[in-house]
Amino acid sequence: MPNAPTCNLGILVSGRGSNMLAVIRSIERGKIKGAKVRIVISDRRDARALEEAKKHGIEAVWIDPAGAPSRVEYEQKLLSALRKSGVTPERGLVLLAGFMRLLSPAFVDAFRGRMMNIHPSLLPSFPGLKAQEQALDYGVKASGCTVHFVVPEVDSGPIILQIAVKVVEGDTPELLSGRILRQEHRIYPLAVKLFVEGRLKIEGRKVVTARK
Ligand code: GRF
């Protein structure tokens, strides 16, 4: 039987890149088969993720938002870099991994069903920035993280995977963030694996996961 074509991944980052690394390592260790990270793109020159990606032999580029007069033109640059690396709406998967820019509906639509994000709360609770702080301020006893498909509305797309993390007495945003992050590193690679294996089906708001 001929091998299934490789799924080309493009990862958009702005900072440290620990989720990006979790995905890269899962591929390197053979836990995700049939996928390759083709490009990592940052909107910030100083993103640690760029250096980390290069250490793994992955093309890593800074695309400066200041070099594009408008969001549309900036996103054109993103699209063209992704395409050049084989990350297309037909063969690709785009991962947002701590990417701090809002994407336009046109960009999101281009990769509808082929773009994921990870968020450090149990969505739909606490979307947006500082989700862990929001959870602590609200007084919830459990928070967690969510991997979801990206839709134009922020942190609102169909949910692929979630995992709960207990809030404990004396928690600070840093402590809770650290415990949530460890779970992020488990579910983001797993969501990618399910996608690459063709096991995720979007049905309206829901994602149905096929058994192996
Ligand atoms: C993570 O907490 C993720 O949930 C959020 O941004 C953070 C990125 O961290 N979207 P890292 O760059 O992957 O280490």
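As the structure lists them, so they are numbered: ligands from 1, and atoms in each ligand from 1. Treat the numbers as computed from the prediction; the structure is a model and nothing was measured.
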* Any N or O of Leu181 closer than 3.5 Å to N or O of ligand 1 -> no
* N or O contact, Gln132 vs ligand 1, cut-off under 3.5 Å -> no
* Among all protein non-hydrogen atoms, which one is nearest to atom 9 (O) of ligand 1, and what is the separation to 0.1 Å? -> Arg16 NH2, 3.1 Å
* Asked: Sub-3.5 Å donor-acceptor pair from the side chain of Ser125 to the main-chain atoms of Leu123, do we have one?
  -> no
* Distance-only, no hydrogens or angles: does the Asn8 side chain make a donor-acceptor pair with backbone N or O of Gly86 under 3.5 Å? -> yes
* Asked: Is it the case that one hydrophobic cluster holds both Val94 and Ile32, taking links as side-chain heavy atoms less than 4.5 Å apart, direct or via other members?
  -> no
* **Identity and distance of the protein heavy atom lying nearest atom 10 (N) of ligand 1** => Ile118 O, 2.9 Å
* Under 3.5 Å, N or O to N or O, is Asn117 touching ligand 1 that way? -> no
* Check: His148 main-chain N/O paired with His119 side-chain donor or acceptor under 3.5 Å -> no
* Are Glu174 and Ser177 linked by a side-chain donor-acceptor pair shorter than 3.5 Å? -> no
* Asked: Do the side chain of Thr6 and the main chain of Ala35 share a donor and acceptor less than 3.5 angstrom apart?
  -> no
* Structure fact -> In this structure, atom 4 (O) of ligand 1 is nearest to the protein heavy atom Glu184 OE1, 2.7 Å
* Between Gly17 and ligand 1, does any nitrogen or oxygen pair lie at a separation below 3.5 Å? -> yes
* To do: Do me a favour and list the nearest non-hydrogen protein atom to atom 8 (C) of ligand 1 with residue, atom name and distance?
  => Gly98 CA, 3.6 Å
